[in-house]
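Since the structure comes first, as structure tokens, the remarks are kept for the end.
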Amino acid sequence: MSSDARLTLITRPDCHLCEEARAALGRVVAVTGDRWVEWDVTTDVELERDYGDRLPVVLLDGKEHGYWRVEEERLLRDLTTPQL
């Protein structure tokens, strides 16, 4: 499941919060130019076990950034702040 995208959205079908998260990520990447990918927990037993009911989950550079709601301002800041 590797990708060159910095952002990963972990979702499941028919999840209203996941729809909101997709829209939020769309707004964020419209500003930053980053790419994002989506992983569906129903297609991967390990993802289902790890994230189950805490969806959607946003990963930034492979690390959990948040779940349930996308904190757009925080995500924008973390995407645009140089890493030390």
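Quick note: residue numbers are just sequence positions, from 1. Just so you know, these numbers use all the heavy atoms, side chains as well, and skip hydrogens, waters and symmetry mates. Computed from a predicted model, the values in this text were never measured in an experiment.
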Pairwise disulfide bond (SG atoms under 2.5 Å apart) hits with a residue in residues 10-76, at least two apart: Cys15-Cys18
Disulfide bond (SG atoms under 2.5 Å apart) contacts touching residues 22-68 (sequence neighbours left out): none
Inter-residue atom distance Trp36.CH2 - Leu25.CG, 0.5 Å rounding: 5.5 Å
Leu60 side, atom CG; Arg74 side, atom CZ - distance, nearest 0.5 Å: 9.0 Å
Show the nearest heavy-atom pair for residues [X] and [Y], with the distance to one decimal.
X     : Y     : answer
Trp68 : Arg54 : NE1-CA, 3.5 Å
Arg77 : Thr81 : O-OG1, 2.6 Å
Arg12 : Asp40 : CA-OD1, 3.8 Å
Val29 : Leu7  : CG1-CD1, 3.8 Å
Val28 : Leu79 : CG1-CD1, 3.5 Å
Glu72 : Ala24 : OE2-CB, 3.6 Å

Non-neighbouring partners of Arg49 that pass side chain to side chain contact (heavy atoms under 4.5 Å, CB included), sequence neighbours left out: Glu46
Partner residues of Arg69 under the side chain to side chain contact (heavy atoms under 4.5 Å, CB included) criterion, sequence neighbours left out: Leu17, Glu20
The single option from Thr8, Val70, Asp78 passing side-chain contact (heavy atoms from CB on, under 4.5 Å) against His65: Asp78
Holding to side-chain hydrogen bond (donor to acceptor under 3.5 Å, both in side chains), I want the full list of residues that pass it with [X], two or more places apart in sequence or in another chain.
X     : answer
Asp50 : none
Thr80 : none
Glu38 : Thr11, Arg22

Side chain to side chain contact (heavy atoms under 4.5 Å, CB included) between Trp39 and Leu47, worked out: CA-CA 9 Å; Trp39 294 343; Leu47 284 176; 3.8 Å; yes
